Engineer: 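Sharing a structure here in structure tokens format.
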There are 2 protein chains.
Amino acid sequence: MDPTRIDPIPNPAVRRLSLYLRQLESFKRKDRRTVSSKQLGESLHLTDAQVRKDLAYFGQFGHPGIGYRVDDLIAQVRRILGTDKIWNVLLVGAGNLGRALMAYNGFDAKGFRLVAVFDSDPSKIGKRQGPFSAEGSDASKPKRFFVIQPLSELKSTVEKMGIRLAILAVPPDAAQELADQCVESGIRGLLNFAPVSLNIPRDIAINSVDLAVQLEQLSFQVNFSPLVQLG
Amino acid sequence: MDPTRIDPIPNPAVRRLSLYLRQLESFKRKDRRTVSSKQLGESLHLTDAQVRKDLAYFGQFGHPGIGYRVDDLIAQVRRILGTDKIWNVLLVGAGNLGRALMAYNGFDAKGFRLVAVFDSDPSKIGKRQGPFSAEGSDASKPKRFFVIQPLSELKSTVEKMGIRLAILAVPPDAAQELADQCVESGIRGLLNFAPVSLNIPRDIAINSVDLAVQLEQLSFQVNFSPLVQLG
DNA sequence: GGATGTGAATGCATTCACAGCA
DNA sequence: TGCTGTGAATGCATTCACATCC
């Protein structure tokens with residue numbers, strides 16, 4: 001009817017896209033040149049049909065009789081996910097988790113760069129965190145460090161550095177208030193580690209990681225998965 | 001046909017159960033005595049029908065005209081998730097993320113207790129980590145610390161302490177090998193923070209958290225959500 | 001009135017199965 | 001032969017709508 005109507009893309013397909021990318025990068029490290037939907041699927045415990053359908057939502061990337069060329073597909077998936085360009089990311093919260101995130105240096109290879117850290121605790125403002133050296137990785141890499149900024153500088157920093165993504169690693173009580181400040185400052189996507197449900201405008205992307213929730217899921221599965229039939 | 005056949009429980013329903021619990025605990029802190037499916041749903045951006053159906057998979061917990069009694073429902077959901085009893089949890093990996101997890105003290109209130117930490121790095125073995133004091137929380141609480149154990153003690157510790165859950169916070173290259181060791185030691189559920197797809201037996205529960213995947217999902221949504229129609 | 005629990009209806013996502021291409 | 005891309009069929013999950021109860 002409406003020719004401008006685009007086929008809806010299943011959310012689960014987008015989630016799997018990230019897994020395909022991760023797996024493809026692993027294949028590339030092993031110098032694999034091509035991979036079939038069957039092989040890619042098996043490595044992730046998915047069916048070949050699932051893999052083909054997911055990728056086909058976004059274009060025709062495969063070659064009948066051959067499979068998918070690893071390099072090409074990596075480039076395509078990065079483009080689709082938007083990580084072919086670098087995203088500047090900020091962090092709110094310089095507590096235990098925040099420090100672990102600052103020290104984590106797997107961001108850059110994935111297209112994300114942590115560029116600023118904020119905290120509301122006056123005793124932390126202005127303090128330098130780092131330098132962080134890569135654990136178990138090339139020690140000759142340039143060491144990074146961060147100077148903790150006050151929230152009063154949030155908006156200006158977001159604008160100055162063109163930051164669109166924020167990671168929230170703060171106590172639960174403070175999370176909503178700080179999420180609001182991020183949104184007001186122009187942030188377009190939030191990764192929330194606080195164990196609370198945040199209210200944010202519909203046009204802002206959000207993703208939450210709650211450690212307790214993850215463990216509870218394991219608890220349930222370990223206890224009851226053999227007894228109750230899971231769907 | 002088969003009277004022993006139990007209605008399959010949708011996986012998404014189990015995931016939401018954890019969110020209901022979190023939200024109910026928040027309502028309890030605000031001294032709410034009862035809550036309706038509509039109110040609980042709105043706080044999590046879900047429909048009331050969704051909430052009722054999810055809870056009804058597990059029993060009849062509500063009261064027509066009243067709603068759900070907060071205390072009762074908390075107890076029921078905890079029982080369903082299996083967190084009415086304490087789970088001993090071990091951690092593999094005393095790196096940056098591992099240290100953040102050791103310092104995190106939100107476990108206990110949720111029914112999980114971190115009781116042992118392992119690392120393969122000989123220079124870390126025997127070292128004490130901590131004491132950890134609760135940030136922004138009651139400083140009078142007993143301070144905890146951990147002595148890093150070698151992997152050779154994994155199995156005996158799992159057996160001695162009745163540990164069934166493990167958190168894997170290790171580099172990607174080591175993750176599969178260490179997951180295997182956990183399984184061999186009797187671990188029944190794994191929470192994996194390494195950015196790799198693990199192969200484990202079907203009867204072992206697994207849950208993975210990959211920071212890059214989370215950020216990629218945001219990247220996609222921010223870039224294309226207004227353009228492409230998401231399902 | 002105000003709320004639950006639940007079959008029935010709808011809407012999504014996955015899988016099947018096969019035409020078509022290298 | 002080996003593999004993709006894709007309509008059609010199936011299987012799940014969500015929503016509707018209403019009988020039922022406080």
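Keep in mind it's a predicted model, so treat the numbers as computed, not measured. The sequence lines fix the lettering, A, B, ..., with proteins before strands; numbering per chain opens at 1.
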Engineer: So does B/Lys110 pair up with B/Glu25, basic N to acidic O under 4.0 Å?
Structural biologist: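 Salt bridge present between B/Lys110 and B/Glu25.
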
Engineer: Using OP1 and OP2 only, check whether a side-chain N or O of A/Gln39 sits under 4.0 Å from D/dC3.
Structural biologist: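 So the side-chain polar atoms of A/Gln39 never come under 4.0 Å of the phosphate oxygens OP1 or OP2 of D/dC3.
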
Engineer: Give the C-alpha distance, both sets of side-chain angles, the deciding distance and a yes or no for side chain to side chain contact (heavy atoms under 4.5 Å, CB included) between B/Tyr68 and B/Ser37.
Structural biologist: CA-CA 8 Å; B/Tyr68 300 86; B/Ser37 58; 4.1 Å; yes

Engineer: Check the side chains of B/Gln39 and B/Arg32 for a donor-acceptor pair under 3.5 angstrom, ignoring hydrogens and angles.
Structural biologist: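 Short answer, yes.
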
Engineer: B/Leu55 has an atom CG; how far is it from atom C1' of C/dT6, in whole Å?
Structural biologist: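 My rounded result for the distance is 14 Å.
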
Engineer: Quick one: A/Ile9 CD1 to D/dT6 C1', roughly how many Å, whole number?
Structural biologist: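 Taking atom C1' of D/dT6 as the reference, CD1 of A/Ile9 is at 16 Å.
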
Engineer: In whole Å, what is the span from the NE2 atom of A/His63 to the C1' atom of D/dT1?
Structural biologist: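 My rounded result for the distance is 18 Å.
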
Engineer: When you measure from the side-chain N and O atoms of A/Gln50 to the phosphate of C/dC16, is any distance below 4.0 Å, counting only OP1 and OP2?
Structural biologist: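 Negative; the distance criterion is not met.
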
Engineer: Pick the closest DNA chain C nucleotide for A/Leu46 and for B/Val35 by heavy atoms, then say which residue is nearer the 5' end.
Structural biologist: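 Here B/Val35 is the residue nearer the 5' end.
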
Engineer: May I ask you to check whether over 12 heavy atoms, not counting those of A/Arg33, lie within 6.0 Å of atom CZ?
Structural biologist: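 No, not enclosed.
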
Engineer: Round to a whole Å and report the spacing from CG of A/Asn11 to P of D/dA13.
Structural biologist: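 Rounding to the nearest Å, CG of A/Asn11 and P of D/dA13 are 16 Å apart.
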
Engineer: Think B/Tyr68 has a side-chain N or O under 4.0 angstrom from the OP1 or OP2 of C/dG5?
Structural biologist: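 It does, given that an N or O in the side chain of B/Tyr68 lies less than 4.0 Å from OP1 or OP2 of C/dG5.
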
Engineer: In whole Å, I'd like the distance from the OH atom of B/Tyr57 to the P atom of C/dT4.
Structural biologist: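 So the OH-P distance, B/Tyr57 to C/dT4, works out to 16 Å.
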
Engineer: How do B/Ser36 and B/Lys53 order along DNA chain C: which one's closest nucleotide is nearer the 5' end?
Structural biologist: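 Its nearest nucleotide lies further toward 5', so the answer is B/Ser36.
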
Engineer: Taking the minimum atom-to-atom distance to the side chain of A/Gln60, which one of D/dT6, C/dC21, D/dC16 wins?
Structural biologist: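 The listed nucleotide nearest to A/Gln60's side chain is D/dT6.
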
Engineer: Does C/dT14 have OP1 or OP2 under 4.0 Å away from a side-chain N or O of A/Arg16?
Structural biologist: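 Checking A/Arg16 against C/dT14: at least one side-chain N or O falls below 4.0 Å of OP1 or OP2.
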
Engineer: Taking the nucleotide of DNA chain D with the closest heavy atom to each, which residue, A/Arg52 or A/Gly65, is nearer the 5' end?
Structural biologist: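 By nearest-heavy-atom nucleotide position, the 5'-most residue is A/Gly65.
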
Engineer: Regarding A/Gly62, tell me which of base, sugar-phosphate or nothing describes its non-hydrogen contacts under 4.0 Å with the strands shown.
Structural biologist: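 Sugar-phosphate, no base atom in range.
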
